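If you're wondering where the values come from, they're calculated on a predicted model, not measured in any experiment. Each chain gets a letter, A, B and so on, in the order its sequence line appears, and its residues count up from 1.
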Protein chains: 2
Amino acid sequence: MIARAQSGVYAYHHVAEEITAQILRGDLKPGDQLPGEAELGTRFGVTRSTLREALRQLESDGLVHRPSPRRLEVSVPQADLLTSRAGRAMALMKVTFRELWEVTMLTEPLAARIAAERAAMAEIESLQGLHAELVAAEGDMARTLDLDEQFHTRLADIGGNRVLGLAREPIALLLFRGFARIAPHAPQFFRRQIEAHSHIVAAIRDRDANRAEKWARKHIEDFWRGAQIAGLEDAIARNPGALSPPAAAMD
Amino acid sequence: MIARAQSGVYAYHHVAEEITAQILRGDLKPGDQLPGEAELGTRFGVTRSTLREALRQLESDGLVHRPSPRRLEVSVPQADLLTSRAGRAMALMKVTFRELWEVTMLTEPLAARIAAERAAMAEIESLQGLHAELVAAEGDMARTLDLDEQFHTRLADIGGNRVLGLAREPIALLLFRGFARIAPHAPQFFRRQIEAHSHIVAAIRDRDANRAEKWARKHIEDFWRGAQIAGLEDAIARNPGALSPPAAAMD
DNA sequence: CAATGGCGTAGTGTCGGACGCTAGGGGAGG
DNA sequence: CCTCCCCTAGCGTCCGACACTACGCCATTG
């Protein structure tokens, strides 16, 4: 079953699409191990070089990965991969603060609401812990930024809506990083942030979804006011790089 | 400046990261043309084979593309690329209807609201045209599905919030495709859909953002009722493949 | 008998070279 | 000056090779 390239369709592209199709169709399931490159190559009628180009694409799409250098297996795309790709794209297309904010005004309140409805005790405690750290970090900008991100991400995780998680993560990250540009112009921001977060945590503890949602909304609204004060309502989101999560330090 | 691979860091990976960094940093701007593979290879101290693996990754990330086979240039990731990647991922992680719906309940009303606030005359007319087609297609399931997707996508485009567009597209697509499973159980659905759409269009024409938003919400709420009737509230979203736009038929 | 350590192999990452094909530029001809 | 044709650079693909290293196998040892 030699795969001869039709005009315009490159072999590596064809191979990648074929394997992708097999995965989406379910012929290959996440966790399945794939044969070696040599065999895959002959199987599709291409050389290893060509096959490897296809693999790089699949890898980049998160459809396969190597848990160990000798093992190549099918996987479901990791959230942080999608997050960084989407974040990069938004940064490159120079989305504005307003665009980010308008959407965040939806996602964070929903995240808070769902969390209030579904949080388990342990999760609430973990949120409280995070919040305590935030309070303790008052004044330390970098740390505050980091903890804020974590807080919102965990909030979303607690709700358990993965679609929401996927959609909001890159957006929230870009927006929150803008915080760094706002804070200097709005010093009262730290306090208001802490206040909002603690109301959210309290509401979740009380299982009061409406209150949680309301405070999340206020929190993000505040953000917008800060941006106005700082005069970057329609400023573009910068700092494209380093979007991936803290990420196991490795390099 | 030979790039010798540090332990664990592969040459192709390093090259891809390096070029990516240059793009994000702004050293390379969208539209810039890159040198030939041979030169790029020597520049990074790797063979063409290796360099090509890096290129496949960048290409897959949408950071570079070939407008013509001879020209390789930097580009900002295309929306439909991100859409299909995200859609695939969600399908593979078997997100439920509920998850999709919860988020869509936010995105579509916002899209309608913004559209009402910002639509230009021509855009309103184009929406009306699309709606007219939908009305005419009553009964034709496939066509209805397609037009519905188009309607919502155009609605979002009109608002001009690219972040919203990027976030909602894969989600809406997956959800709306579920329509195919709902419709048979809820025949009155076609009519209600048409009703909702026409209210939305009318509200936008009248520049009534609240009404537009309200009807969009009702529209998506309806969708959920349909899902309940069809008994697939927590059914997983299937049909992972064919998420990309109509797409030139090829294979 | 189980645990430990060494050995061999298969398989990956990278290299170098080669060849056909085609897009696109440059020169010849109108 | 414009048009057409030829030539070449560069891409897609193939082939063959080599170093390095997980990993399984086997023998040794307590």
| field | Between B/Thr42 and B/Glu39, a side-chain donor and acceptor under 3.5 Å | value | no
| request: Measure the distance from CD on B/Gln57 to C1' on C/dG13 and round it to the nearest whole Å. | output: 14 Å
| Quick one: A/Phe44 CZ to D/dT13 P, roughly how many Å, whole number? | 14 Å
| request: Specify whether B/His152 and B/His197 have parallel, tilted or perpendicular ring planes, treating 30° as the upper limit for parallel and 60° as the lower limit for perpendicular. | output: perpendicular
What are the atom names and distances for every N/O pair under 3.5 Å that joins the protein to nucleotides 7-11 of chain D?
| residue | atom | partner | partner atom | Å |
| --- | --- | --- | --- | --- |
| D/dA9 | N3 | B/Arg70 | NH1 | 3.1 |
| D/dA9 | N3 | B/Arg70 | NH2 | 3.0 |
| D/dG10 | O4' | B/Arg70 | NH1 | 3.0 |
| D/dC11 | OP2 | B/Glu37 | N | 3.2 |

| task | Evaluate the side-chain proximity of B/Leu134 to B/Gln150: yes if any heavy-atom separation is below 4.5 Å, no if none is. | result | no
| query | For the side chain of A/Thr96 and the backbone of A/Glu99, is there at least one donor-acceptor N/O pair under 3.5 Å apart? | reply | yes
| request: For A/His65 and C/dT12, give me the distance from atom NE2 to atom P, rounded to whole Å. | output: 15 Å
| message | I'd like to know whether CD of A/Gln78 has more than 12 heavy-atom contacts from other residues, nucleotides or ligands below 6.0 angstrom. | response | no
| said: Looking at A/Ser49 and D/dC15, is any side-chain donor or acceptor paired with a base atom of the opposite kind under 3.5 Å? | reply: yes
| query | Closer than 4.0 Å, any side-chain N/O of B/Thr50 to the OP1 or OP2 of C/dG13? | reply | no
| query | So, do A/Leu55 and A/Arg66 sit near enough that their side-chain heavy atoms are less than 4.5 Å apart? | reply | yes
